[in-house]
J.: 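I am attaching a structure below and will ask some questions about it afterwards.
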Amino acid sequence: YTISTPGSYYLTGNLAVSSGSAITITASQVTLDLNGFTLSSTEATPTGFGISLAGGNADITIRNGHIKGGVTYSGGVYSGSGFSSGIDIAGSTPANVLVSHVSVSGCLHYGITLGVNNSTVVEFCTVQTVGNNGIYANDVSHSTANQCGQFAIFAGIASDCYASSTGFGDGLYALNANNCYGNCTGSGTGLGANNANNCYGQAASSSPGLVAITANNCQGQNNGSGDGLDATTANNCQGQCTGSGTGLSVTQIATASYGHSATGTGLYAITAINCSGQSGSYVGLYANNANNCYGVGNGSYPGLAATNAENSYGNCTGTGIGLSANNANNCSGVCSN
């Protein structure tokens, strides 16, 4: 079906196709209510979209329904019949597009793709099992994208979202991420953002669990060899690595934060204030400037190592030095063995 005239449209039943796109919108000022029904496809080699948006149109709303294909994920491969994409663009990025309360599943390539250069919004939507990006829009909120081959959610602003990737893309990437969870079981980062607030990121490879320029009240976890959390500045954050990566790595200032690593540095920062770090076999906390900090290390490495340390404490549970510093003021160090 093609919608070529502005107006309000709704489905009165399920719509199944054997090839191509189910609905194509070529006009602006269109509202499409799926009315709780399902668009589905059995195309053996998926090329069509559940809903195709002609490039350059504006003022489009799609809501309340389901788009379903037969693509599954097994052994790292997405394959099967159905749609290539759930909702996608055929041309330039549209403007003033809202997709609300729509579920997409089993598509070979994309879930909901609207672009980020114009006012595109996705809210209260779910995407499950798509071979490429799950949700791609300027503003994404209260949405979930799970088992996606690349970026599960890619947004300008992401709020209250869950995203999980199986490939090399981030679980969730946004310029600004608020109250979001990102996970990557492949080679990508769990969650990446310029500004991350109240977020959690988890990764399984050499990529960090969470990466941000500014991280506030965030947690990062890495179950491979990467860092738990990387940031330029971190406030009230936690980073943990079960392998050789740094638990929490901060290139400028870390405040009220904690880092733990199994075999790497627990917490690293240029300046660490009111922070603590712990390592199973390396330096607990390392900083150029450590103020009111605590570090626990193991083996032959210091519990806390700093160029300048003030009001800080270091403990080594192995044979190393408790606290090592060029300049130490009101500090103490203990070696347990």
Side-chain angles (χ1 to χ4, degrees), residues 157-158 170 172-182 189-203 206-222 226-241 244-261 264-279 282-297 301-315 321-333:
I157 301 172
D170 297 351
L172 184 148
Y173 176 80
L175 295 180
N176 296 287
N178 303 293
N179 306 313
C180 290
Y181 176 99
T189 297
L191 187 149
N194 282 14
N195 302 291
N197 299 293
N198 304 313
C199 291
Y200 180 90
Q202 181 170 314
S206 59
S207 297
L210 187 150
V211 176
I213 295 176
T214 302
N216 295 302
N217 306 312
C218 292
Q219 295 184 48
Q221 169 83 27
N222 184 281
D227 297 345
L229 190 154
D230 284 354
T232 302
T233 60
N235 179 41
N236 195 31
C237 292
Q238 294 185 31
Q240 182 170 346
C241 176
S244 58
T246 300
L248 190 150
S249 179
V250 180
T251 57
Q252 289 187 8
I253 301 174
T255 56
S257 296
Y258 170 79
H260 179 272
S261 176
T265 302
L267 184 150
Y268 167 80
I270 297 297
T271 299
I273 303 171
N274 301 321
C275 293
S276 59
Q278 184 174 355
S279 174
Y282 201 61
V283 179
L285 186 150
Y286 179 79
N288 283 14
N289 304 290
N291 191 352
N292 296 317
C293 291
Y294 174 79
V296 177
Y301 299 96
L304 187 151
T307 302
N308 302 293
E310 186 171 353
N311 303 317
S312 296
Y313 172 80
N315 178 24
I321 300 169
L323 185 147
S324 174
N326 288 4
N327 302 289
N329 183 20
N330 196 30
C331 296
S332 60

J.: As an exercise, state the distance from OG1 of Thr233 to CD1 of Ile253, rounded to the nearest 0.5 Å.
T.: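 Here the rounded value is 7.5 Å.
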J.: Looking at every heavy atom in both Asn179 and Cys199, which two are closest together, and how far apart are they?
T.: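 That closest heavy-atom pairing would be N-SG, 3.8 Å.
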J.: Please report the closest heavy-atom contact between Cys293 and Leu285, naming both atoms and the distance.
T.: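 Result for this residue pair: CB-CD1, 4.0 Å.
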J.: Rounded to the nearest 0.5 Å, what separation is found between the CD atom of Gln252 and the CG atom of Asn288?
T.: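 Atom-to-atom, Gln252:CD and Asn288:CG are 12.0 Å apart.
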J.: May I have the step-by-step check of side chain to side chain contact (heavy atoms under 4.5 Å, CB included) for Asn311 and Asn291, ending in yes or no?
T.: CA-CA 6 Å; Asn311 303 317; Asn291 191 352; 3.9 Å; yes
J.: With rounding to the nearest 0.5 angstrom, report the CD1 to CG distance, Ile213 to Asn176.
T.: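 Here the interatomic distance stands at 10.0 Å.
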J.: Once you round to the nearest 0.5 Å, how far does CG of Asn236 lie from CD of Gln238?
T.: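 Atom-to-atom, Asn236:CG and Gln238:CD are 8.0 Å apart.
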J.: Closest approach of Ala287 and Ala272, non-hydrogen atoms and distance?
T.: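 Where Ala287 meets Ala272 most closely, the heavy atoms are CB-CB, 4.1 Å.
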J.: I'd like to check Ser261 versus Thr246 (side-chain heavy atoms, cut-off strictly below 4.5 Å). Are they in contact?
T.: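 With C-beta onward as the side chain, the pair stays apart.
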J.: Should we say atom OH of Tyr181 is surrounded by more than 12 heavy atoms from elsewhere, each under 6.0 Å from it?
T.: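 Enclosed.
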J.: Looking at every non-hydrogen atom in both residues, tell me the closest pair between Gly201 and Leu191 and how far apart they are.
T.: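 Answer, listing the atom of Gly201 first, then Leu191: CA-CB, 4.0 Å.
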J.: Go through the structure and list residues passing side chain to side chain donor-acceptor pair (under 3.5 Å) with Asn194, not counting sequence neighbours.
T.: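 Applying side chain to side chain donor-acceptor pair (under 3.5 Å) to Asn194 gives none.
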J.: Using a 3.5 Å distance criterion without hydrogens, assess whether the side chain of Ser279 forms a donor-acceptor pair with backbone atoms of Gly264.
T.: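 A pair under 3.5 Å: yes.
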J.: What is the ring orientation for Tyr268 with Tyr286, classed by angle as parallel under 30°, tilted 30 to 60°, or perpendicular over 60°?
T.: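 The arrangement is parallel - the two ring planes meet at less than 30°.
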J.: With rounding to the nearest 0.5 angstrom, report the CD1 to CD distance, Ile273 to Glu310.
T.: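 Reported value, rounded in 0.5 Å steps: 10.5 Å.
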J.: Taking all atoms of both residues into account, what is the closest heavy-atom pair of Leu267 and Gly259, and its distance?
T.: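 Here Leu267 and Gly259 meet closest at CD1-N, 3.8 Å.
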J.: Is the shortest heavy-atom distance from the side chain of Ser257 to the side chain of Val250 under 4.5 Å?
T.: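 No, side chains not in contact.
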J.: Calculate, to the nearest 0.5 Å, the distance between atoms OG1 and CG belonging to Thr307 and Asn289 respectively.
T.: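 Result: 7.0 Å between the selected atoms.
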J.: Check Ala215 against Cys237 and note the closest heavy-atom contact, atom names and distance.
T.: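 In terms of heavy atoms, the two residues are closest at O-SG, 3.4 Å.
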J.: Do Thr255 and Asn235 pass the side-chain hydrogen bond (donor to acceptor under 3.5 Å, both in side chains) test, and can you show the C-alpha distance, the side-chain angles, and the key distance before you say yes or no?
T.: CA-CA 5 Å; Thr255 56; Asn235 179 41; 2.7 Å; yes
J.: Quick one: does Gln240's side chain get under 4.5 Å of Tyr258's, heavy atoms only?
T.: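 Gln240 vs Tyr258: side chains apart.
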